[in-house]
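The figures here come from the full heavy-atom set of this structure, side chains too, leaving out hydrogens, waters and symmetry mates.
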Amino acid sequence: MPAAVRVAGVAATDHVRRHHRPTALRAAYGLGGIDIGRHSAWPSWCVRDPREAGPLSKITVDHENDAPAETTVSAALDTTHTPPTFAELGVHPQIVRGLADIGIDRTFAIQELTLPLALAGDDLIGQARTGMGKTFGFGVPLLHRLATGPADGSGTSVLDGTPRALVIVPTRELCVQVTSDLENAAKHLQSADGPVRVMSIYGGRPYEAQIATLQSGVDVVVGTPGRLLDLAKQGHLMLGKVGVLVLDEADEMLDLGFLPDIERLMGMVPDKRQTMLFSATMPGPIITLARTFLTQPTHIRAEEAESSAVHERTAQHVYRAHALDKAEMVARVLQADGRGATMIFTRTKRTAQKVADDLAERGFAVGAVHGDLGQVAREKALEKFRAGKIDVLVATDVAARGIDIDDVTHVINYQCPEDEKTYVHRIGRTGRAGRTGIAVTLVDWDDIPRWQLIDKALGLDIPDPAETYSSSDHLYSELNIPRDATGSIAEASRPTAAETSTDSRSGSDGAGSSDDAPRAPRRSRNRRRTRGGTTATAAATEQGATAANSTSTSTDGDGGGDDKAGSRPRRRRRRGSGRGGASADTATAESGAAVTAAAHD
């Protein structure tokens, strides 16, 4: 049976040693049993005055007496708790400076609990809801251990351009996000060879550039499993000196089928290392993976009092909507008062592109991120969304964990999520870092059974969503949509038929593309049907005159012949004509002369 200790009103934190782990953990979090002020063996930065921070309302330390391989630390924060600063927890000054440059000074709950253990080099499992700061929960200790080096016994070996830390993430978007966060925190860190170098490795990018960067030397590598494994097998990525290994969003890697690749990668790193595993949910296979590759891990759960898997600051609205009316409903939701950056999630790539195209025609500034787009196009869409150039992003679940933007106000589930984990991660894009958010889920009639399973798993108490249309009054009132909102905000600029034909002509002829250039007059081309070198009308006249010619010849005799010979037209010769052509021309000339003679008579 696990032995549990629950103590209220605790604030102090300290270094944790592996011997007598439950007692050491209680000392680390100030739970009694050891007076941390009397142990001079611990560094001075480990001890801080309990008055510097407000109390944690509840800390639980669970330890299996018969299987001492894992210890669980759970904490719930009360409303009066004042989180400590990174400096108070003993983080390297240059890291504190880098965090201050981006406006981060105090810790979140998961960071406050993980830092005392992670800075000391212990293995741990960090579990917290999405948007609670897990990235800096492992990123700050990782950089701290690289900066301190082996001098105090808790750092990694001396940096020499070979990776000392490896962070494995499930998606390309999350890889870019984590790399950016680590670069911001390490901006002022210096190693013997210069600044600490952080590199991202993921698919969809050329191998050559990534190989060249690895050869120039890096200290921290953040990457997706597939590309990491490829470069490691080719001998370009050296993992033999990795001292810190991090698995971020481990449950997503399980869902994507990356566990075999992760196991191969973990077999390439040294056995003597620090391993940290972070995730929002903790399914059974992830627990098994942690117990296989982690050494006496501490499982840390940081939650607020009576918290659920979903942020209470996120207002959740669920509507039963018809598939043909969803586009109209989304267009009206996007016109709600106070709406900022908005993410729309779909289940399929085709639906994501279709929704993005439809919203663009309705006048919204929208981008798309899904698997059918190239990596460059996906990164450009995300960059525009982060920069505010577009305020609507339509994405599949590939982006549900890779975008960390604080001012996302609305999340719309265009289609019902597959399960409760997907739902949690989707709506976790809003209500981040203490902000509020709105989550709207549109459930089709066929998806009601799936939604009821999600509702039961999360305890949302919305098993039967209200039937809702784009004209429903409760949709406008609940989401603060103006009554005069329509299905579009601007007429799409579509060229007329005349403009289209003009553009196609100018596009085919570069010289005529200028509006000021004079246009050549059109040439009249009247086509005539000919027969035997003459027009059809002349041929008919010729046939009618043949009889008259024969009569005139018999009457006038040689006199008619002289006139005919004098008025005979000059025979026209055709180039390239053979003998047959010459005889035909002769016959034509003779028949023409006969007609002329008959006219003179």
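Defined by atom type and a distance below 3.5 Å, a donor-acceptor pair is present between the side-chain atoms of Arg227 and Gln210. In this structure, a donor-acceptor pair under 3.5 Å is absent between the side chains of Tyr202 and Glu173. The closest side-chain donor-acceptor pair between Asp325 and Ser470 falls under 3.5 angstrom. A donor-acceptor contact closer than 3.5 angstrom links the side chains of Arg172 and Gln375. Side-chain polar atoms of Asp397 and His425 form no donor-acceptor pair below 3.5 angstrom. For the 3.5 Å distance criterion, the side chains of His474 and Thr468 qualify, holding a donor opposite an acceptor. Between Tyr469 and Glu467, the side chains place a donor N or O and an acceptor N or O closer than 3.5 Å (distance only, hydrogens not considered).
Residues Asp358 and Ala327 come closest through the heavy atom pair OD2-CB, 3.5 Å. Annotation for Leu294 and Leu124: closest pair CD2-O, 3.7 Å, computed over non-hydrogen atoms. For Gly340 against Thr409, the heavy-atom pair with the smallest separation is N-OG1, 2.6 Å. Across all non-hydrogen atoms, the minimal contact from Ala365 to Asp391 is O-OD1, 3.1 Å. In terms of heavy-atom proximity, Met253 sits nearest to Pro225 at SD-CG, 4.2 Å. Contact record, Leu99 with Ala185: CD2-CB, 3.9 Å, taken as the closest heavy-atom pair.
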*asked:* Test side-chain contact (heavy atoms from CB on, under 4.5 Å) on Leu115 and Val91; report intermediate values, then the result.
replied: CA-CA 8 Å; Leu115 284 178; Val91 177; 4.3 Å; yes
*Working for side-chain contact (heavy atoms from CB on, under 4.5 Å), residues Val244 and Leu166*: CA-CA 6 Å; Val244 182; Leu166 176 64; over 6 Å; no
*Could you go through the side-chain contact (heavy atoms from CB on, under 4.5 Å) check for Thr348 and Thr396 one step at a time?*
CA-CA 6 Å; Thr348 63; Thr396 53; over 6 Å; no
*Tyr319/Val440 under side-chain contact (heavy atoms from CB on, under 4.5 Å): CA gap, chis, key distance, verdict*: CA-CA 8 Å; Tyr319 303 110; Val440 179; 4.0 Å; yes
*Would Arg350 and Asp372 satisfy salt bridge (charged side-chain N to carboxylate O under 4.0 Å, His left out), going step by step from the backbone distance to the final call?*
CA-CA 8 Å; Arg350 180 176 299 177; Asp372 282 346; over 6 Å; no
*Can you check salt bridge (charged side-chain N to carboxylate O under 4.0 Å, His left out) on Lys354 and Asp357, steps first, answer last?*
CA-CA 5 Å; Lys354 178 182 177 182; Asp357 294 341; over 6 Å; no
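To the nearest 0.5 Å, the span separating CG on Leu277 from CD on Glu249 amounts to 10.0 Å. Put simply, CG on Leu334 and CZ on Arg362 are 10.0 Å apart, with the number rounded to the nearest 0.5 Å. Leu265 contributes atom CG, which lies 11.0 Å from atom CZ of Phe258 (distance to the nearest 0.5 angstrom). In this structure, the separation between OG1 on Thr171 and CZ on Arg378 is 8.0 Å, given to the nearest 0.5 Å. Note that the CD1 atom of Ile95 and the CG atom of Asn184 stand 13.0 Å from one another [nearest 0.5 Å]. Here the CG-CG distance, from Leu231 to Leu237, works out to 6.0 Å after rounding to the nearest 0.5 Å.
For the pair Ile104/Phe86, a side-chain contact is recorded, criterion being any heavy-atom separation below 4.5 Å from C-beta on. A 4.5 Å side-chain heavy-atom check between Val366 and Val394 finds at least one atom pair inside the cut-off. Proximity of Val221 to Val167: side-chain heavy atoms (C-beta onward) are nowhere separated by under 4.5 Å. The closest side-chain heavy-atom distance from Phe138 to Thr114 is not below 4.5 Å. Residues Lys421 and Val424 are not in side-chain contact: their nearest non-hydrogen atoms beyond the backbone lie 4.5 Å or more apart. The closest side-chain heavy-atom distance from Gln127 to Ile300 is not below 4.5 Å. Thr342 has its side chain out of reach of Leu393: every pair of non-hydrogen atoms, C-beta onward, lies at least 4.5 Å apart. In this structure the side chain of Val178 reaches within 4.5 angstrom of the side chain of Leu174, judged on heavy atoms.
By the 30° and 60° cut-offs, the orientation of the rings of Trp451 relative to Tyr423 is perpendicular.
Between Glu379 and Arg205 there is a salt bridge, since a side-chain N of the basic residue sits under 4.0 Å from a carboxylate O of the acidic one. Salt bridge annotation for Lys187-Glu183: absent, with no cationic side-chain nitrogen under 4.0 angstrom from a carboxylate oxygen. Taking a cutoff of 4.0 Å between a charged side-chain nitrogen and a carboxylate oxygen, Asp248 and Lys134 do not qualify as a salt bridge. Ionic pairing of Arg450 and Glu420 is not present here: no N-O contact between side-chain nitrogen and carboxylate oxygen is shorter than 4.0 angstrom.
No donor-acceptor distance shorter than 3.5 angstrom exists from the side chain of Asn413 to the backbone of Leu442, with no hydrogens or angles considered. A side-chain donor-acceptor contact under 3.5 Å links Thr486 to the backbone of Ser488. Although no hydrogens or angles enter the test, the distance criterion places no donor-acceptor pair under 3.5 Å between the side chain of Ser472 and the main chain of Leu475. A donor-acceptor distance shorter than 3.5 angstrom exists from the side chain of Gln111 to the backbone of Gly133, with no hydrogens or angles considered. Checking side-chain atoms of Thr107 against main-chain N and O of Pro84 turns up a donor-acceptor pair under 3.5 Å. Not a single donor-acceptor pair under 3.5 Å links the side chain of Gln353 to the backbone N or O of Lys349. A donor-acceptor pair is defined here as one N or O able to donate and one able to accept, closer than 3.5 Å; such a pair exists between the side chain of Thr179 and the backbone of Cys175. Using modelled atom types, one side-chain atom of Asp219 and one backbone atom of Arg197 make a donor-acceptor pair closer than 3.5 Å.
Applying the salt bridge (charged side-chain N to carboxylate O under 4.0 Å, His left out) criterion to Arg347, with sequence neighbours excluded, gives Glu418, Asp447. For Thr346, the side chain to side chain donor-acceptor pair (under 3.5 Å) criterion is met by no residue, not counting sequence neighbours.
Dense packing is recorded around CG of Asp337, with more than 12 heavy atoms of other residues, nucleotides or ligands lying under 6.0 Å away.
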